[in-house]
Structures are given as C-alpha cells and as structure tokens.
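A short write-up of the structure that comes next.
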Amino acid sequence: MTTYRPPLHDMQFVLEHICDVRSLAKLEAFQAFDPDSLPDILAEAGRFFSEVFAPLNRTGDTTPSIHNHDGSVTTPPGFREAYEAYVDAGWGAVAFDPELGGGGLPWTVGLALQEMMTASNLALSLCPLLTQGGIHLLDLHASEDQRDTYLPKLIAGDWTATMLLTEPHAGSDLGALSTRAERAADGSYRLVGQKIFITWGEHDMAANTIHLVLARTPDAPPGSRGISCFIVPKYLLDPSGNPGEHNDITCVSIEHKMGIHASPTCVMSLGEAGGAVGYLIGEENMGLLYMFTMMNNARLGVGLEGVGVADRAYQQALDHAGERLQGRRPDKAPGEKAAIIEHPDVRRMLLTQKAFIEAMRCLCYYNATVLDLAQHHPDNAERQASQELCDLLTPLSKAWCTDVANEMTSVALQVHGGMGYVEETGASQYCRDVRIAAIYEGTNGIQAIDLVGRKLPVRGGAVVHELLDRVAETAEQLHPDLAALREPLTSATAVARSCTDWLLANPGDAALAGATPYLRLLASVVGAWLLARSAEAARAEITAGATGTEAEALQAKQVTAEFFCHQLLPQAAALAPAVTGGAEILAALSATQLR
C-alpha cells in the first residue's frame, strides 16, 4: 500500500498563484502569518500527517471503534496517541485567532493543512474537523462567558466538539426534530431526546466532549423557526472549570457503516436519568440560524475531503500502474511485458484523475480565499462581494468535489484491475470512505437545490454572471502559447450562461429538475477557469527561468489544463439539455411504473 505523499508543490503553487496568499497576509487579521514561512509550514505538516496519521488509516479500517457495555467507545489502536501528538504539535489551532489561542494563519492556509490531514486518515480527521465546526459556532454566537469557558480548550484540542442535529424521524428536515429542552430554575436547561449519525459523539481521545445540540423549548413555534441551540458537555464542569460529573447524555450504540470504520457514528440519548444539562447559546428559537452561519466552513471542509481522498487513491493507482507488468506495447520485443502505465487507456484514467484533483484543489482553496476576504477585508463593499461569491462557490465545492471524488476513487480502483477489488490492496477503502462525503453536511442534491433556489437568484443572477464574465475574460486574455484552451473554455462558458438564464426564467420544479446537472456544469467551468489560470502562471514561471524538475512540473500543469478543457469540460457542457429539460419527464411515470 502506498505511503501518502503530500502534494506540497501543487499546494504551494495554488496558494501563491490562485489564492494570492501574499495579499491575504497583508490583512490585519493575519499579521501573525509570514508568507515566506509557508513552504516550511506545509513541509512540516506533510511530515507529521504522513508519518503519524497515514499509517493508521488501514488500521482503523480493519480494527474499527468499539462500543462498550457502559456506553464508552474504544478507538482503534494508535488513534489516541496520534490525536495526542496532533494536540501537542498545535495543528488544530493554527488557523484560529491568536487572541483565542490560535496561530493566526489565513483559513486558506489552514485548508491546505486540512487536506493533508483528511488525505492521511479521513476517519481520524473527522474528530478535529467536528471540533473546528463547534469552535466557529461558539465564536460567532456564544456569550463571552461561554467563549471563555469552552473555546481555549477546544482550540487547543484538549476537548472535542460534536454537532447533534439529526433524529431518527428527521433527516435533512431539521424542522421536524423533537428533542425538547425545558428551562431549569438556575437558568440552565434539561434536554430529553435522541440523536443519530453523531460523528465522534463518544470516544476515548479527549478529556471532555462539548455537544452542540438542537432542541425545542416548550413554547417554541413549529418547524425550523422553533429550534434552539444548546451546549451539552459530556462532563459537567466543576467550580475550577475542569470536567467533573458525567452529564445525562449517553452513547447507546454506534453504526456499522460502509466506510470510515474508525470514526464512531453514534446514537446519542439525552435525558434517560431526568434530563441532560444544557446551556442556551444566544437566544431561543435561533438555533438553526446559528448552525447555518458556520455552514460555509463545514461544507467547504467536506468538499476538501473529496480532494484529499481522491488524491490518496490516485497516488496508489499511479504507483501500481508503474509497477504492474501486463500485456505488451507494439514497440516492445515479443514476450516483453510493459508496465500498464504505458498503455493509452491507463494513461487516460491517470490523467483524468490528475486533472480533476488539480481542478478541485484550486476550487476549494479559492473558495477559502474568498471566505477569508469576506470575513477580514477592510472594505465593506469587498467583503459583501466576497461573501456573495463564497456563498455561490460553497455548494460547488461541496457537491462537485465529493461527486467527482466518488468517481475518481472508482477509477483508481479500476487501474488496479482485479486486485483493486481485493481488500488487501487497500484501494477499495478510498471508495468506501469517501462515499459518505456526498451525503453528510447536506446531500449533494440539497447543495444543488441551494445553488438554484438561493444562490442563483441573488441580485437577479448577477453573482453568477459576474463570475462567468471573469472566466470569459481569462479565456480572451490567454497567452498565444495557451490558445488551445480558449475555444473550449469560451464555448462552455456560453453554455453555462445560457443555462443560468433559463433557470432564472423558469423557477419552481423546472429549475429544481435541472439543479444537479447545472451544478456539475457550472463547477466544471469554474474548475477549467482555475486550471487555465494555473497554466498561465506556470507558463510565466517557465519564461522567467524555471529549470529541471520545477520546469517539468510547470509544463505538466499546462498539459493538465489542456486535457481538462478538451476532454472533460465538453462532457459537462453536454449537460445543457438535462438542465433545461424541465420537470415533466421526471413526473411522466407513476410510482407503479417506476417499480
């Protein structure tokens, strides 16, 4: 099984040329970040995750977390020690505010480090990633006392956090949840209910777990308008702020899943002994709004999971293709076998993976950049424009990158041939692990509905058209050496613009029916645009005198962009009839006829 090799060169390239991280470093919020230190930061993170997290990836798959009779969960061998090493190294704190104990790096750089973590070991990475989401929510909406109590421990990694949203009868429809919270005499609340699909809801890696729970108070209005958000610690804090008595919240079971076996996906019961003690965040009935304010971060993080796992699978497929001897080439002597990497169809599979992965990485990192600008740019107009663009790009990052990751991990397995279907090679684990990423944090169908129903209509579609204007401008201004990219990029942009106008003119079921193919089309155009920009930057560096292996890597970027624009982008543009086909055909068969 291939050892994970962090793609440091490509990460550095995207951060420099697509994200302009040096400009981000000039913002007041990031004064603690020296962009000249970026290569060292990436290299040290790469060393840590490849040496500490990556070797446990297979261990966690074959030796899953175990639910014990007392409700505790035992994680796979080595996980606790690896998490402790992660905390000691301070990796979980690097992208948070220094005033809260963080390292002050831009979220864009933090995302690059996060990619290495998820690629190294997706199941283990989910624990700090859930904590990260909890930190964002508390930082934005908790009281000063709550922030002082919980954030330092969470940012340091001494405690972890979870999100308790889903219930057995309420999946994506959070408005249907029924967990109840009643106010106690001391101002706290007592929560009773059951939550399912709770990632890392119980484990043995940290001293306390801070559950963020959605529930209803007695007089709450029905539906999503009546949901409040509560802090429910696993252990209640003693007067010194240390974990004390066990709260009335218990893990009653963990799910047996297709993948991410090491990650305990818990069924959590609150109030079996009278009520779990909880503390209201902000105001009653505002819980769902609070959750949504950290959705851009969370959904972008899930999209990045697609990038990381797809890249890990690609690396193993590439190594296998170079080592596996099978068949012969016409230019070889009779009986002389060739490595399968020499066969055109295998090259097609490898280049398809490489092109998609580079495009996805560009999209996620660029999405993180506009998120940084939306939160920290000094100009109000720039912040607003960046927020609009971030809101638009987030469903693309989440849905496109995870859909494509499912496809690319399957392609990576195909490169292995029959051995890919055998568990001992490890190729199938990437397919099984990444499959969940298209489902959780809002299914990809919901992402497409969000794109068409909420993001596309903003300013009458102007946000999308302004983005497509930038794509068209890049295509027009490409250097003559890259002229081969111009026509396919221009053509696909025109198709995306036409589909955008059609959806705006045909709201309701017609637009919803075309939402998923439209998301694929638009994301593919944006991915091609960013690869074209990468090719332009690579050409400039070669012209400036890059030589040796550096020049080879830069030349490869131009080839990758050309392959994507000529062979992959037209497939997305061909989705236009599905975008504009309307809803009638989808309703043409009755439920009986669908059987």
Side-chain angles (χ1 to χ4, degrees), residues 1-4 6 45-89 91-92 114-132 157-163 196-209 211 234 250-268 301-302 305 308-309 312-313 315-316 409 422-437 440:
M1 187 179 298
T2 298
T3 300
Y4 173 60
R47 183 203 63 77
F48 177 86
F49 289 116
S50 62
E51 293 180 2
V52 179
F53 273 37
L56 298 174
N57 190 50
R58 185 66 171 161
T59 301
D61 188 53
T62 57
T63 312
S65 290
I66 299 171
H67 182 249
N68 303 308
H69 293 299
D70 62 357
S72 65
V73 169
T74 302
T75 52
F79 271 50
R80 183 170 182 172
E81 293 78 8
Y83 181 76
E84 289 174 353
Y86 168 85
V87 172
D88 290 343
W91 289 116
Q114 186 175 316
E115 180 192 336
M116 291 188 267
M117 181 169 66
T118 58
S120 296
N121 192 323
L122 178 60
L124 177 52
S125 76
L126 295 178
C127 183
L129 292 182
L130 264 293
T131 301
Q132 187 181 96
D158 298 329
W159 299 348
T160 61
T162 70
M163 303 288 180
I196 64 171
F197 299 154
I198 309 307
T199 302
W200 286 92
E202 172 64 32
H203 59 85
D204 57 4
M205 300 198 309
N208 205 356
T209 299
H211 302 287
K234 173 182 175 180
T250 308
C251 173
V252 297
S253 66
I254 60 176
E255 306 293 352
H256 300 279
K257 309 184 297 292
M258 174 181 176
I260 54 169
H261 294 154
S263 172
T265 303
C266 302
V267 177
M268 303 296 294
V302 174
E305 292 172 12
V309 179
R312 182 88 185 265
Q315 291 182 21
Q316 182 164 321
T409 52
V422 176
E423 283 290 343
E424 67 189 63
T425 65
S428 68
Q429 182 185 348
Y430 306 120
C431 299
R432 291 185 284 101
D433 280 357
V434 84
R435 186 64 188 87
I436 186 60
Y440 60 20

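One-based numbering along the sequence shown.
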Q | Partners meeting side-chain contact (heavy atoms from CB on, under 4.5 Å) with A54 (sequence neighbours left out) | A | Y4, S120, R312
(Q) Could you work out, with side-chain contact (heavy atoms from CB on, under 4.5 Å) as the rule, every residue matching N68, not counting sequence neighbours? (A) I66, D70, S72, T74
Determine whether [X] and [Y] make a side-chain contact, defined as any pair of heavy atoms from C-beta on separated by less than 4.5 Å.
{"X": "V52", "Y": "W91", "result": "no"}
{"X": "M205", "Y": "T160", "result": "no"}
{"X": "T118", "Y": "V309", "result": "no"}
{"X": "E423", "Y": "T62", "result": "no"}
{"X": "L129", "Y": "M117", "result": "yes"}

List the atom pairs, donor and acceptor, that lie under 3.5 Å between side-chain atoms in residues 252-261 and the rest of the protein, sequence neighbours left out.
from: K257; atom 1: NZ; to: I260; atom 2: O; distance (Å): 3.3
from: K257; atom 1: NZ; to: S263; atom 2: O; distance (Å): 2.7
from: K257; atom 1: NZ; to: T265; atom 2: OG1; distance (Å): 3.2
from: H261; atom 1: ND1; to: D61; atom 2: O; distance (Å): 3.0
from: H261; atom 1: ND1; to: D61; atom 2: OD1; distance (Å): 3.1
from: H261; atom 1: NE2; to: K257; atom 2: O; distance (Å): 3.0
from: H261; atom 1: NE2; to: M258; atom 2: O; distance (Å): 3.3

Q. Could you walk me through whether T75 and W200 pass the side chain to side chain contact (heavy atoms under 4.5 Å, CB included) check?
A. CA-CA 10 Å; T75 52; W200 286 92; 3.5 Å; yes
Q | Where at least one partner belongs to residues 57-86, residue pairs that pass ring-ring contact (aromatic ring centres under 6.0 Å, His included), sequence neighbours excluded | A | F53-Y86, Y83-Y86
For the [atom1] atom of [X] and the [atom2] atom of [Y], what is their distance to the nearest 0.5 Å?
{"X": "E115", "Y": "F49", "atom1": "CD", "atom2": "CZ", "answer": "11.5 Å"}
{"X": "N121", "Y": "R58", "atom1": "CG", "atom2": "CZ", "answer": "12.5 Å"}
{"X": "Q114", "Y": "S125", "atom1": "CD", "atom2": "OG", "answer": "7.5 Å"}
{"X": "S65", "Y": "L124", "atom1": "OG", "atom2": "CG", "answer": "9.5 Å"}
{"X": "T250", "Y": "K234", "atom1": "OG1", "atom2": "NZ", "answer": "10.0 Å"}

**Q.** Full working for side chain to side chain contact (heavy atoms under 4.5 Å, CB included) between E305 and L126
**A.** CA-CA 10 Å; E305 292 172 12; L126 295 178; 3.4 Å; yes
Q. Does anything in residues 45-55 pair up under side chain to side chain donor-acceptor pair (under 3.5 Å), and if so which pairs, sequence neighbours excluded?
A. E44-R47, R47-E51
Q.
Once salt bridge (Lys or Arg N to Asp or Glu O under 4.0 Å) is applied, do any residues pair with E81, and if so which ones, sequence neighbours excluded?
A. none
Q | Backbone of G301 reached by a side-chain donor or acceptor of Q132 within 3.5 Å | A | no
(Q) Between L130 and M163, is the side chain to side chain contact (heavy atoms under 4.5 Å, CB included) condition met? List the steps. (A) CA-CA 7 Å; L130 264 293; M163 303 288 180; 3.8 Å; yes
**Q.** E202 and T209 side chains, donor-acceptor separation under 3.5 Å
**A.** no
